[in-house]
Amino acid sequence: MLGLAHLDRPFDYLIDTDQDASAVPGVRVRVRFAGRLVDGFLLDRVTESDHAGKLGWLERVVSPEPVLGADLATLCRAVADRYAGTMSDVVRLAVPPRHARTEKEDTPVPASSGPVAMPDTAAWTTTYSTADSFLASMHSGHPRAIWQATPGEDWPSRLAELAATAAAAGRGAILVVPDQRDLDRLEAACGPIFGERCVTLAAGLGPTARYRRWLAIRRGAVDVVLGTRSAMFAPVHDLGLIAVWDDGDDSLNEPRAPYPHPREVAVLRSHQQRCALVIGGFARTTEAQSLVTAGWAHDLVADRATVRSRTARVVALSAEDRRVAGDPLARSARIPGVAFEAARSAVAADAPVLFSVPRRGYMPSLACARCRAHARCRTCHGPVQLDAGNVLSCRWCGRVERSFRCAECGGSEVRALTTGARRTAEELGRAFAGVPVATSGGASVLDEVETGARIVVATPGAEPVVAGGYGAAVVLDTWAQLDRADLRAAEDAVRRWMAVGSLVRPHAAGGTMVIVADAGLAPVQAMIRWDPVGFAQQELAQRTELGFPPAVTMASIDGPPETIGAFVDGVGLPDGAERLGPVPLPAGVRAPAGSGDSFDGDIERILLRVDRRDGKGLAAALVAAQVRRNANHDTGPIRVQVDPPTIG
């Protein structure tokens, strides 16, 4: 596995008779290549080779464990082709490093083997109109659905029921979630059903424990796998179900080449291995909606009456609501009157209140008080922040700024652009005197809080769960999410707001959610109606009209200007392809993971855009250009991404 584009193909070797028994497809091997020993995998055994030259001999079989089976190898090849990468890079994501001692251990067979009992699926069939047909199809076919969970849905239990349905048919399941908090909740729901037949795969396990569990899956002792993004490659035998929860969460973005997204890997694997696929969430991404629009997947949604019965009352700001509450302490905490009243009513009813703020810290974003230019570090030009001790420091290099001076106008005073969670909690503590205040975010994340009157200030994704739901939720500083210069800004905002809204009690139980934003904005309207499907359809229609993903296939090429310019000039683009850029990228952009290089100096990005039907052609053209680049020993770091998560 050499990792070079021009060597991304199988090579033939002779196998000695002494190695015949152990050299089976999928095992790790050592071979001599260009005069040095390298690691590899044995893909297949054939009686003859079409190589005209002299063949070398297989040096040795490193391990008799066939870790790269035929299905997994086929999937890795497909992912590499989809993302213009090399198979070796994908295999590194799919197969964990070897631990010889762990490999020699026996894998115990679970006490409970064979199909599990069919679960009670009433929660599915009474809520989602097409659930009956979907569940029935899991026994005889491979249905594909985009699941729109209702507000307050116990999604870990619903996923566990889907996995149990697959297991009842004697098949395995893979359930993928964004992060460890979600994984803990999913494990709590699946553990009582599957016992030792279910394992979790996550980076926090450590290499030995992770490899032990991975081997148990490969050896067939485990058939239900729960995990984060890399679990999508788990070698489950007779796979019957793949489920991805909250596919829009940026924790699912793979930081290593070729940067495959678990949702797309799930689509490829579902098609190849003919298993059921469910992509679910409280919100919906445009990528998921495009699968429905294309007819490849179907909606799995509740009717409007059910959705309304489970949704909190969602309100936003009208022209009259723009003023803050009359209480001076509420003004300090930036709480409009409608939000202050909702929070005060919930506290009076002995219910917790959730305040969502987009940033952690104290004052993480500052500007010059005179000219409003962003406050920047004089050493590295990173953003300057203010901590609780009123000390200015750089968020990038940590340098303390003792005497700020604006580079634009020479001003010496700063003002807050956004207020962090800690500062917000401090201000809310004064506005709601005597009410306990807790913060959740950064290195201190709360999984759950007790019921009763209390204030919880959390950053997006760190909201704790409370039994019975919050009495009220207030989303502050929404402009920081909506005004980002990013194609997905509105989609991400709706996804984060719906995650907050799903934690609030239904309107019939007194639940209220206040979004401190203009009620006329399309994302806010989607929240008021609680219509994630309609919003995703609208976003997809706009992307189609403007020619942005997922309506088209787009590739980004990042690197020094002269390097990416020469590279793109050598790409044989399909007919109708467009070249956009170059445009400069912000400071702090990293070089490709594992490249050993760094992006020094000016970094630019060029975008290549083609019709969705030409996506394979674009990926192939990018691979061919990388092959020529490697063969010519061209130097300089470069990053190639197909369908990057952000394009600016």
Side-chain angles (χ1 to χ4, degrees), residues 312-318 320-347 351-367 385-386 388 415-432 435 437-442 445-446 449 454-464 470-484 489-490 492-504 511-521 523-524 526-528:
R313 172 174 171 262
V314 181
V315 297
L317 299 187
S318 63
E320 293 76 18
D321 293 326
R322 291 184 181 279
R323 60 179 179 81
V324 296
D327 190 326
L329 295 177
R331 287 199 298 271
S332 175
R334 317 179 313 287
I335 309 177
V338 62
F340 187 73
E341 288 302 319
R344 189 169 61 180
S345 297
V347 170
V353 180
L354 175 63
F355 283 85
S356 176
V357 295
R359 298 285 189 273
R360 63 179 184 269
Y362 202 71
M363 286 188 180
S365 184
L366 300 171
Q385 65 180 354
L386 179 70
R415 67 186 296 272
L417 286 177
T418 60
T419 303
R422 281 190 294 146
R423 176 63 179 265
T424 302
E426 182 180 295
E427 294 170 341
L428 288 172
R430 293 194 293 265
F432 294 90
V435 179
V437 179
T439 60
S440 179
V445 176
L446 301 176
V449 294
R454 64 185 65 249
I455 302 294
V456 179
V457 182
T459 53
E463 301 91 354
Y470 290 92
V474 179
V475 183
L476 297 173
D477 296 334
T478 53
W479 62 269
Q481 297 170 314
L482 293 173
D483 291 350
R484 291 189 302 118
D492 286 344
V494 170
R495 186 185 68 81
R496 295 181 186 278
W497 297 346
M498 285 192 166
V500 172
S502 68
L503 299 174
V504 184
T512 301
M513 180 181 182
V514 180
I515 302 175
V516 184
D518 188 343
L521 297 175
V524 181
M527 289 299 304
I528 293 174

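Please read all numbers here as calculations on a predicted model, not as lab measurements.
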Requested in this report: For side-chain contact (heavy atoms from CB on, under 4.5 Å), just list the numbers for V524 and D518, CA-CA rounded to whole Å, side-chain angles, deciding distance to a tenth of an Å, and then say yes or no.
Outcome: CA-CA 7 Å; V524 181; D518 188 343; over 6 Å; no

Query raised in the report: Are the side chain of S440 and the backbone of A458 linked by a donor-acceptor contact shorter than 3.5 Å?
Result: no

Query - S502 (side chain) donor-acceptor with A499 (main chain) under 3.5 angstrom - result: yes

Looking only at non-hydrogen atoms, find the nearest pair between [X] and [Y] and report the distance.
X: V500; Y: A473; answer: CG1-CB, 3.7 Å
X: G471; Y: A346; answer: C-CB, 3.9 Å
X: G441; Y: A462; answer: CA-CB, 3.8 Å
X: V357; Y: P460; answer: O-CD, 3.0 Å
X: A342; Y: V514; answer: CB-CG2, 3.9 Å
X: T459; Y: G442; answer: OG1-N, 4.4 Å

Partners of [X] by side-chain contact (heavy atoms from CB on, under 4.5 Å), sequence neighbours excluded?
X: A490; value: P523, F535, E539
X: A493; value: Q481, L482, W497
X: A343; value: V353, F355, F432
X: V449; value: L446, R454, V456, P464, V466, Y470

Query - Sequence-distant partners of R313, salt bridge (charged side-chain N to carboxylate O under 4.0 Å, His left out), two or more places apart - result: none

Query raised in the report: Considering residues at least two apart in sequence or located in another chain, which fulfil the side-chain hydrogen bond (donor to acceptor under 3.5 Å, both in side chains) criterion with R495?
Result: D246

Query - Test item: V516 and L317 side chains (from C-beta on) under 4.5 Å apart, heavy atoms - result: yes

Working to the nearest 0.5 angstrom, can you tell me the gap between [X] [atom1] and [Y] [atom2]?
X: L521; Y: M527; atom1: CG; atom2: CE; result: 13.0 Å
X: I528; Y: M513; atom1: CD1; atom2: CE; result: 10.5 Å
X: L354; Y: L503; atom1: CG; atom2: CG; result: 7.0 Å

Query - Verdict with supporting geometry, I515 and V314, side-chain contact (heavy atoms from CB on, under 4.5 Å) - result: CA-CA 8 Å; I515 302 175; V314 181; 4.0 Å; yes

